[in-house]
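Each remark here refers to the structure printed beneath this line.
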Amino acid sequence: MLCPFCASDDTRVIDSRPVDSGSAIRRRRVCESCGLRFTTYERADVPLIVRKRDGRLEPFEVDKVRSGMSHALADRPVDDQVKEQMVRAIRSEAEDHGRIVTSDDIGRAVLEQLAAVDHVAYLRFASVYKEFEGPGDFERELAELQRRGDG
Ligand SMILES: [Zn+2]
C-alpha cells in the first residue's frame, strides 16, 4: 500500500479492527517516510445482482441506470450534477435491498428520484416502466404526482 501523500511504499499498519458488523476491516496506517497517517478499508467485492422481470439475473450496472434516466431526462433542464446525485441515491437504494435487487425495485427508486426533480421526465420514465397503454395511465400518474404534494 503506497502512502497517498508521498507515494512511499514504506507504510505500516498501526491499528486494525472490524467495522460495519464485521463486513469490513478498517486499518489505520502510518507512513514511515512522511509520518502522515491514513485509513484503508478492506471488504469483500460482492457484486449487486439484479433480478429481471423474466427471472434472469444480471450484475447491477450503474451505467444502465444512468442511460435509462438520461432518456427520460433528454432536453429537460436538470443539471448533470443533480443527475449524478440521483444515480448515487438510486444505487444506494438498490444496495439497501441486500445482495439481490429486482428491476422493479430499481424502477421504483428511479421514479422516486424523478418525481422530486422533473415531472415530465417522471411521466416519460413511468410510461415505459409501467407500460402505459393509454391516456388514462398518464392521468393516473399525474394524479399520483399531485398527491405527493410537489406537483
Ligand atoms: Zn508518506
Side-chain angles (χ1 to χ4, degrees), residues 1-131 141 144-151:
M1 175 66 66
L2 296 181
C3 169
F5 305 107
C6 73
S8 163
D9 62 1
D10 191 10
T11 64
R12 184 165 58 85
V13 174
I14 52 176
D15 183 50
S16 176
R17 60 191 172 85
V19 290
D20 295 346
S21 314
S23 65
I25 303 285
R26 178 185 185 275
R27 292 196 173 90
R28 280 299 278 167
R29 295 173 186 262
V30 61
C31 172
E32 303 288 8
S33 296
C34 70
L36 292 175
R37 294 175 178 207
F38 59 101
T39 303
T40 59
Y41 292 89
E42 178 182 315
R43 56 181 88 239
D45 188 9
V46 179
L48 182 61
I49 302 293
V50 179
R51 179 177 284 125
K52 316 272 287 180
R53 279 178 179 168
D54 64 9
R56 279 183 302 124
L57 301 176
E58 61 178 40
F60 177 82
E61 285 176 43
V62 79
D63 280 347
K64 285 195 175 166
V65 172
R66 200 174 275 126
S67 93
M69 264 181 29
S70 73
H71 285 298
L73 284 162
D75 306 322
R76 299 303 303 160
V78 177
D79 285 356
D80 286 347
Q81 200 183 337
V82 172
K83 291 179 194 168
E84 281 310 301
Q85 280 167 4
M86 292 163 71
V87 168
R88 278 199 295 277
I90 292 159
R91 170 156 58 188
S92 142
E93 171 78 24
E95 283 167 352
D96 284 348
H97 286 268
R99 209 166 78 73
I100 296 185
V101 61
T102 66
S103 51
D104 279 351
D105 290 330
I106 295 172
R108 271 194 295 277
V110 172
L111 285 173
E112 281 296 316
Q113 293 298 314
L114 292 177
V117 168
D118 189 280
H119 287 178
V120 171
Y122 173 94
L123 288 171
R124 284 178 182 163
F125 190 87
S127 71
V128 176
Y129 168 71
K130 299 191 178 181
E131 297 169 344
E141 289 300 323
E144 167 65 23
L145 280 171
Q146 272 149 14
R147 259 201 306 280
R148 288 164 186 264
D150 54 5

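Both counts, for ligands and for their atoms, begin at 1 and track the order of listing. Remember, it's a predicted structure, so these values are computed and weren't measured experimentally.
- Nearby protein atoms of type N, O or S around the Zn ion (ligand 1) amount to 4 (distance under 2.8 Å).
- Every residue meeting the side-chain contact (heavy atoms from CB on, under 4.5 Å) condition with L57, not counting sequence neighbours, appears here in chain and number order: I49, R51.
- At a threshold of 4.0 Å, the pair R66-E61 does not count as salt-bridged, since none of the basic side-chain nitrogens sits closer than that to a carboxylate oxygen.
- Heavy-atom neighbours of R99 CZ from other residues, nucleotides or ligands within 6.0 Å: at or below the threshold of 12.
- The 12-atom threshold is exceeded at CZ of R108, counting heavy atoms of other residues, nucleotides or ligands nearer than 6.0 Å.
- R56 has a carboxylate O that lies under 4.0 Å from a charged side-chain N of D54, or vice versa, which qualifies the two as a salt bridge.
- Using a 4.0 Å cut-off between charged nitrogen and carboxylate oxygen, K130 and E144 do not count as a salt-bridge pair.
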